[in-house]
Amino acid sequence: MSTSRFKAVIFDLDGVITDTAHYHYLAWKRMAEQLGVYFDHAFNEQLKGIDRMGSLELILAAAGRLYTVEEKLALADSKNLHYQELITGMTAADLLPGAVAALDAVRAAGLKIGLASVSKNAFTVLDRLGIRDKFDYVVDAALIARGKPDPEIFLKAASELGVAPADCLGVEDAVAGVAAIKAAGMFALGAGLPQVLTQADLVITGLDQFDLAVLQQVPVSLQTPAA
């Protein structure tokens with residue numbers, strides 16, 4: 001058994017292992033414009049790390065009228081169907097640089113591997129990428145009541161992996177995701193820009209910079225307390 005500081009690494013999916021952001025953008029943009037809402041990349045940034053219904057609420061807030069629960073569910077389903085059509089052509093070529101090497105390094109070190117994505121299409125995406133078998137546990141987002149920045153999804157992953165939150169390293173590219181990791185009492189590794197992911201304990205540009213040996217040596221004192 002590994003005597004490493006961390007006993008498990010829990011990854012986000014979109015923006016960390018693969019980049020489906022463009023597909024989400026196209027699907028949300030089409031829906032928003034059908035509602036008469038101007039949608040550009042700046043608006044899309046507000047949705048980063050937010051679950052489907054939360055993202056829909058942000059768009060509908062700019063629509064100028066109220067929507068019934070039934071209408072909201074229909075709109076969310078419409079967006080998701082379009083997104084599913086767009087990701088049909090995904091392959092291993094859509095993996096971000098360093099993703100497979102990072103997963104393999106964690107496995108070689110004897111640590112458990114989890115996935116904590118709010119995407120309800122995570123299983124489909126993993127299958128398209130050909131990496132589903134690299135994870136010990138993948139959280140089913142459909143069973144999560146509260147989206148990020150709530151820590152529920154990361155706590156669920158840790159529980160199912162049989163690892164205490166304090167022994168987990170979480171990897172996220174979104175502000176809401178990093179906040180969720182910290183609220184769960186885990187060490188947060190940001191994948192992106194330090195000036196954006198300010199709550200992260202450490203930030204790398206992407207998984208091509210992932211070095212588990214270095215991470216295992218980061219002083220525990222750098223980890224900020226859970227919210």
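No more than 12 heavy atoms of other residues, nucleotides or ligands shown are found within 6.0 angstrom of CG on L66.
Evaluation of the side chain to side chain contact (heavy atoms under 4.5 Å, CB included) rule for A141 yields K120 as partners, not counting sequence neighbours. In this structure E45 satisfies the side chain to side chain donor-acceptor pair (under 3.5 Å) test with no other residue, sequence neighbours excluded. T88 is linked by a side chain to side chain contact (heavy atoms under 4.5 Å, CB included) to R128, counting only residues two or more places apart in sequence or in another chain. By the side chain to side chain contact (heavy atoms under 4.5 Å, CB included) test, V203 pairs with P194, L197, A200, sequence neighbours left out. For T20, the side chain to side chain donor-acceptor pair (under 3.5 Å) test picks out D14, Y83, with sequence neighbours left out. Looking at residues two or more places apart in sequence or on another chain, you find a salt bridge (charged side-chain N to carboxylate O under 4.0 Å, His left out) between D104 and K134. Partners of A63 according to the side chain to side chain contact (heavy atoms under 4.5 Å, CB included) rule, which considers only residues two or more places apart in sequence or in another chain, are V37, Y67. The salt bridge (charged side-chain N to carboxylate O under 4.0 Å, His left out) check on D136 picks up R107, with sequence neighbours excluded. With sequence neighbours excluded, no residue satisfies side chain to side chain donor-acceptor pair (under 3.5 Å) with D140.
The shortest heavy-atom contact between K72 and L56 is O-CD2, 3.2 Å. Across all non-hydrogen atoms, the minimal contact from L73 to M53 is CD2-CE, 4.3 Å. Shortest non-hydrogen contact noted between A116 and E172 is O-OE2, 4.4 Å. Considering all non-hydrogen atoms of both residues, F43 and L58 come closest at CZ-O, 3.7 Å. Contact record, R146 with D150: NE-OD2, 3.2 Å, taken as the closest heavy-atom pair. Looking at every heavy atom in both residues, K148 comes nearest to S117 through NZ-CA, 4.2 Å.
Placement of V139 and L155 in two distinct hydrophobic clusters is found when ILVMFWY residues are connected by side-chain heavy-atom separations under 4.5 Å, directly or transitively. In terms of hydrophobic clustering, with Ile, Leu, Val, Met, Phe, Trp and Tyr side chains grouped at heavy-atom distances under 4.5 Å, Y25 and I50 are assigned to different clusters. Note: the hydrophobic cluster containing V69 also contains L35 (ILVMFWY, side chain heavy atoms under 4.5 Å, direct or indirect links). L86 and L81 are members of different hydrophobic clusters when ILVMFWY side chains are connected at heavy-atom separations under 4.5 Å. Linking ILVMFWY residues whenever their side-chain heavy atoms come closer than 4.5 Å, directly or via other members, places V16 and F6 in the same cluster.
The CG atom of D51 sits 10.5 Å away from atom CD1 of I144, with the distance rounded to the nearest 0.5 Å. Atom CD1 of residue I113 and atom CG of residue L161 lie 9.5 Å apart, to the nearest 0.5 angstrom. A distance of 10.0 Å separates CG of D211 from CD of Q216, quoted to the nearest 0.5 Å. Between the CD1 atom of I59 and the CG atom of L75 there is a distance of 9.5 Å, given to the nearest 0.5 Å. For the atom pair N80 CG and H24 NE2, the distance stands at 8.5 Å (nearest 0.5 Å). The structure places NZ of K112 at 10.5 Å from CD of E160, a figure rounded to the nearest 0.5 Å.
At least one side-chain heavy atom of W28 sits under 4.5 Å from a side-chain heavy atom of F39. Annotation: side chain of L129 is in contact with side chain of M90 (closest heavy-atom distance under 4.5 Å). When side chains are defined from C-beta on, L189 does not count as touching V9, because their heavy atoms never get closer than 4.5 Å. Taking 4.5 Å as the limit, some side-chain heavy atom of N121 sits within range of a side-chain heavy atom of R52.
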- Item | Test log, rule side-chain contact (heavy atoms from CB on, under 4.5 Å), inputs V163 and I10 | CA-CA 11 Å; V163 178; I10 302 172; over 6 Å; no
- Item | Trace of the side-chain contact (heavy atoms from CB on, under 4.5 Å) decision for F210 with L215 | CA-CA 8 Å; F210 184 88; L215 290 166; 3.6 Å; yes
- Item | side-chain contact (heavy atoms from CB on, under 4.5 Å) between L207 and V171, worked out | CA-CA 9 Å; L207 290 184; V171 189; 4.2 Å; yes
- Query: Where do L95 and I17 land on the side-chain contact (heavy atoms from CB on, under 4.5 Å) test, with the steps shown first?
  - Reply: CA-CA 6 Å; L95 284 159; I17 291 173; 3.8 Å; yes
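Pairs of residues two or more places apart, or lying in two chains, that qualify as salt bridge (charged side-chain N to carboxylate O under 4.0 Å, His left out) and include a residue from residues 15-32 are K29-E33. Counting only residues at least two apart or on different chains, no ring pair (Phe, Tyr, Trp, His ring centres under 6.0 Å) pair has a member in residues 136-167.
A distance-only check finds no donor-acceptor pair linking the side chain of D127 to the backbone of T124 [under 3.5 Å].
Other residues sharing the hydrophobic cluster of L96, ordered by chain and number and joined by side-chain separations under 4.5 Å: none, the residue standing alone.
A salt bridge does not link E152 with K156: none of the charged nitrogens is closer than 4.0 Å to a carboxylate oxygen.
When each of V138, V118, L115 is tested with L13 by the rule side chain to side chain contact (heavy atoms under 4.5 Å, CB included), just one qualifies, namely L115.
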